[in-house]
Amino acid sequence: MFEECIDNPIEEEPEEMGYAGEISDDVQNSEDVHSKQDSDDECDENGEVTSNRRIINVPNFRQWRREAMLKNPTFDIGMHFANKTVFKEAVQHYTCMVGKNIWFKKDDKQRVRAACEVGCPFVIFASRIDDSPTMVIKTLNLEHECSRDQRNYWLNSTFFAQRYANQLRADPDWSVPGFTAAIQRDFGLEPSMQQIYRAKLKATKLNKGSFVEQFHKLHDYCEELKRANPGSTVLLKTEMDGDQRRFHRLYICLEACKTGFLQGCRPVIGMDGCFIKGPHPGQLLAAVGIDGNNGMFPLAYAVVEIENKETWEWFIRNLIADLAIENGHRYAFISDKQKGLGLAFGDLLPNAEHRHCVRHFYNNFKTSHSGLTLKQIMWDAARATTIPWWQCHMERMKQESEVAWKWLHPKSAVHWSRSHFRTQYKCDILLNNLCEAFNSSILKARDKPILSMLEGIRTNLMVRMANRRVAAWKWKRHVGPRIEQIMEKNKLEAGYCIPTLSGDMKYQVTNMHGGQFAVDLAIKTCSCKRWDLCGLPCPHAISCILRRKHDPYSYVDECYKREAYLKCYNPIISPMPSMDQWLSTGPHPLLPPLFKKQTGRPRKKRAREQGDPLAATKGNKLSKWVHVKFSCSKCGQAGHNKKTCGKSTSQQVARGGRKMQQSRSNSNAPTGTSISQPSLAVVRFSQPSPAPQVASQPPTAHNSSSQQASTSQTIQRRKLKSPAKKGRPWRV
């Protein structure tokens, strides 16, 4: 029957079909129109039933597709919506696009009617179909007679967050001016700064979830991380809070980082901790190695509640298990003397070499022993590569300042001087810059929720290892660029050395600036110990190598070669899918750690240490802090200002603070007498004259008050403030 109707269709006019309007060829051929058969059976003369069938084309009403239509919503009669929420969202977006204030006049479970201002014919009405939640537009008039409103009620931070969520996902650091310009371009109005800040915060929650929601997914993240990177160590430690589990600590050591460190890095590890920002703060502990190009190689990291001996012991114990450390003599560690770290090393790795960052060590030294001379002597002692040279510098310090020598001499030189370092590690670093570089690379990630922070760190490591793997094949030599720079510098200094052959591969080298050294090229050693400490030929050794017409780079230690560097970065950190593709393995949602919110606005910048340098110049001028020593204006002592001064009022008056005397003199003025700012003048007070002698006489109305305010003053001469600053008392 269907084929018969298709072969011989009976076409009728649209009016006869009961459908007002014309039907174009595009509509007839589209999927929005379906065929409806209408039968009219009749009997012929023989009593047989004949069938006259008609094909009636009835439009198939459009359905609302949120992904495709939300940015530019359009409405038609009969359009279907999934439910009332979807319909109201479409109307709100339409309101924002046209710049009109459209309100929902009727809003209940069965129907929704939206209209514009009084007198405007715009109206849109939709109601449910039977008992289903589907809404259908039944009344529609899109004509407006009202003007555009610059203050649209629906253009708020929630709308901006939903509209620009994808852009903020691609660029989380989208600047406020850029965000504002995009809104002005799309909607023709300027939002407030608070709307922008709230919109970015809400968009972040939409894209990545809130801080609490990310803690709920933390257990699933750990399982997915171990599934993507087999062999990785991921330890999640929780604590019970009633019937629920709460986050406590997390330790992560990826298999690629572990394998690369053991195969291509020197046995030197830097330890450091940094703050985690956000609503649920904590500490991020990190262990960083050093690669063949003297670059950082992140090894392991952990999220803990606080930095103390207990957390450091827990972190180091896990690191020992990952690296299978059985003999502490094989490894050297360098740190900034964090809280409890030295005690943890003493308990767990008593035989390992523990170096202290000399920059932080000098910050403690200069608090009581400042001066450029003492600074240079201390750094010379730290850079000394032999014990006799170190002793010479210590004797210089004793002659310069015996008090400083008594402070420094009891400190064991094993922790801070190259002269006492072991030579087996082939590393002579004095600063913990490796950890500082790692903390700087994850600075943006530390301000994000827990999962976003961990994914930011993992992605940073993954991209870094891939880039280093490719960059190694672009080296001009078989050593890295930084090593090449050190070797070229040593080759320049080798021009001032005169080698003398002793026998076989042994030389006696005389330096033109003074000094004589013994070099043995066979065992790669020099009496200055620089070659022994770092594994790179010193200038004395290079002079001997050039005398034999050999390549100095062939005497570089194997840990600096390209082969060792590629062993370090050949392991691959596998990628991970997004959060919606993780398997739910956690027994219960994990709660965030307990914390107490501090008053005030959270700090974003770290507190500067005493030794951190500031900007020395401002344009073409030298900053004031370079040559001026600030002191308190109340007590006169250095190291603090008047706001943090702890002196009592009696001590301030005893020292004759000018601020206190001026405030008291102003308080003695008669009430109701106003002291205005006079013109520029110099006032001289004579003791014990009751009235001052004024060189440039101020207004007469203020003479009596100024005389009473200066009866107990000593002889002073002071420049008055500019008369442009009105409303302030006349300072004399």
Electrostatic pair [X]-[Y], nearest N-O below 4.0 angstrom:
X	Y	result
R396	D380	yes
E395	K398	no
D241	R246	yes

Validation row, ring centre [X] to ring centre [Y] under 6.0 Å:
X	Y	result
Y251	Y301	no
F361	F365	no
F345	W312	no

Rounded to the nearest 0.5 Å, what's the gap from [atom1] on [X] to [atom2] on [Y]? Could you check?
X	Y	atom1	atom2	result
S335	I269	OG	CD1	12.0 Å
M576	L225	CE	CG	5.5 Å
H356	S412	NE2	OG	9.0 Å
F421	D532	CZ	CG	14.5 Å
L319	Y331	CG	OH	8.5 Å
R330	E353	CZ	CD	14.5 Å

Test item: [X] side-chain N/O and [Y] main-chain N/O as donor-acceptor pair under 3.5 Å:
X	Y	result
R562	A472	yes
S417	A381	yes
W582	S578	yes
T459	G456	no
N318	W314	yes
T386	C528	no
R245	L591	no
R266	K426	yes

Flag yes if more than 12 heavy atoms outside [X] fall under 6.0 Å of its [atom1] atom; otherwise flag no.
X	atom1	value
F275	CZ	no
Q485	CD	no
E326	CD	no

Quick one, E223 with L583, criterion side-chain contact (heavy atoms from CB on, under 4.5 Å). Give me CA distance, side-chain angles, the key distance, then yes/no. CA-CA 8 Å; E223 296 299 326; L583 296 177; over 6 Å; no
Nearest non-hydrogen partners of [X] and [Y], listed with the distance:
X	Y	result
C559	A564	O-CB, 3.9 Å
F179	A199	CE1-CB, 4.1 Å
G260	P571	N-CG, 4.0 Å
R458	E455	NE-OE2, 2.8 Å
L461	F438	CD2-CE1, 4.3 Å
M397	L408	SD-CD2, 3.5 Å

Modelled atom types, side-chain donor and acceptor of [X] and [Y], under 3.5 Å:
X	Y	answer
D291	Y569	yes
K529	T423	no
D272	N439	yes

Take V556 and K561, measure what side-chain contact (heavy atoms from CB on, under 4.5 Å) needs, and give me the verdict at the end. CA-CA 8 Å; V556 173; K561 302 294 181 63; 4.3 Å; yes
Is the charged tip of R355 near the ring of F333: under 6.0 Å from the six-membered ring centre and within 45° of its axis? no
Within 45° cone of W407 ring axis and under 6.0 Å: K411 NZ or CZ: yes
May I have the step-by-step check of side-chain contact (heavy atoms from CB on, under 4.5 Å) for S452 and Q214, ending in yes or no? CA-CA 8 Å; S452 302; Q214 292 206 7; 3.1 Å; yes
Under the criterion side chain to side chain donor-acceptor pair (under 3.5 Å), I'd like the reasoning laid out for E255 against T259: C-alpha separation, chi angles, the key distance, then a yes or no. CA-CA 6 Å; E255 176 64 22; T259 305; 3.0 Å; yes
Side chain to side chain donor-acceptor pair (under 3.5 Å), that's the test. Do Y560 and N294 meet it? Break it down for me. CA-CA 9 Å; Y560 297 102; N294 282 351; 4.7 Å; no
Under the salt bridge (Lys or Arg N to Asp or Glu O under 4.0 Å) criterion, do K524 and D557 qualify, and how do the steps go? CA-CA 9 Å; K524 298 181 180 180; D557 194 87; 5.9 Å; no
For C257 and I573, run side-chain contact (heavy atoms from CB on, under 4.5 Å): C-alpha distance rounded to whole Å, both residues' side-chain angles, the deciding distance at 0.1 Å, then the answer. CA-CA 8 Å; C257 299; I573 298 178; 4.2 Å; yes
